[in-house]
Amino acid sequence: DAGVIQSPRHEVTEMGQEVTLRCKPISGHDYLFWYRQTMMRGLELLIYFNNNVPIDDSGMPEDRFSAKMPNASFSTLKIQPSEPRDSAVYFCASSSRTGSMRNTEAFFGQGTRLTVV
Amino acid sequence: GDSVTQMEGPVTLSEEAFLTINCTYTATGYPSLFWYVQYPGEGLQLLLKATKADDKGSNKGFEATYRKETTSFHLEKGSVQVSDSAVYFCALTLGGSNYKLTFGKGTLLTVNP
């Protein structure tokens, strides 16, 4: 398996523009997570899905952020309009419930480095 | 709420030195504990885990023991290599019906030859 695939790897955009980040989870995984990583705040969970359904979006910073998972093999994180403080590395991760969730490992993509100028 | 606290970095060591990265946690239930590692330019990957008290997770020479009495899961390695230079994250999950991983802020380790 190719692992979790994110695109693009790097994105530079101007303030006010719409940004869409994409993620393809590992085939067969039923959980998908979006994280944001910054120097100041570390790794923050934004939202996660189970079987394509959003379970917890309490980490989404504000209404400018939205995430969708239209099918088991694709998810998007959209920021509209983007602001300089959104600059960060955004990671997607997926996992599969095998037995107890306590043993479940999350597999991460390589991330998208977003710069909003 | 649930949280993970790691020692502040960065940590700089010489090759073959002993490594300890401290991690303590606060949880409303009985968590599983993990260490993830992030090499430059890459995503996080699981290094080791422990799911119950007194369990020891180990991988690639790294070890961590789940200490319920001190709510700790410190990462250790007896002899670090330059290739161990990375960011290390401690994390927990409570499992159950609301699964999510809660991460510490990460500790940057640099190993010099």
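Being a predicted model, the structure only gives us computed values, none of them experimental. A note on names: the letters A, B, ... follow the listed sequences, proteins ahead of strands, and every chain is numbered from 1.
Residue A:Glu62 places its CD atom among more than 12 non-hydrogen atoms of other residues, nucleotides or ligands, all under 6.0 Å distant. Residue B:Gln81 qualifies as enclosed at atom CD: its count of foreign heavy atoms under 6.0 Å is above 12. Atom CG of A:Asp63 has 12 or fewer neighbouring heavy atoms from other residues, nucleotides or ligands inside a 6.0 Å radius. Under a cut-off of 6.0 angstrom, the local environment of CD in B:Glu69 is crowded, with over 12 non-hydrogen atoms contributed by other residues, nucleotides or ligands.
In this structure, the side chain of B:Tyr36 engages the main chain of A:Ala106 through a donor-acceptor pair within 3.5 Å.
Within residues 105-113 of chain B, the residues having any heavy atom under 4.5 Å from a heavy atom of chain A are, by residue number, B:Lys105. For a heavy-atom cut-off of 4.5 Å, chain B lies close to A:Tyr35, A:Gln37, A:Met40, A:Arg41, A:Gly42, A:Leu43 in residues 34-43 of chain A. For residues 107-117 of chain A, a heavy-atom distance under 4.5 Å to chain B picks out A:Phe108, A:Gly109, A:Gln110, given by residue number.
In this structure, CG in B:Leu48 is found 11.0 Å from CD in A:Glu105, a value given to the nearest 0.5 Å. Within the model, atoms OG1 of B:Thr102 and CG of A:Leu45 stand 7.5 Å from one another, a figure rounded to the nearest 0.5 Å. Note that the CD atom of B:Glu42 and the CZ atom of A:Phe91 stand 9.5 Å from one another [nearest 0.5 Å].
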Donor-acceptor contacts, no H, no angles, side chain residues 15-22 of chain A, under 3.5 Å, sequence neighbours left out:
{"unit_1": "A:Arg22", "atom_1": "NH1", "unit_2": "A:Thr20", "atom_2": "O", "d": "3.4"}

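Hydrophobic cluster membership is shared by B:Phe89 and A:Val89, with clusters built from Ile, Leu, Val, Met, Phe, Trp and Tyr side chains linked at under 4.5 angstrom.
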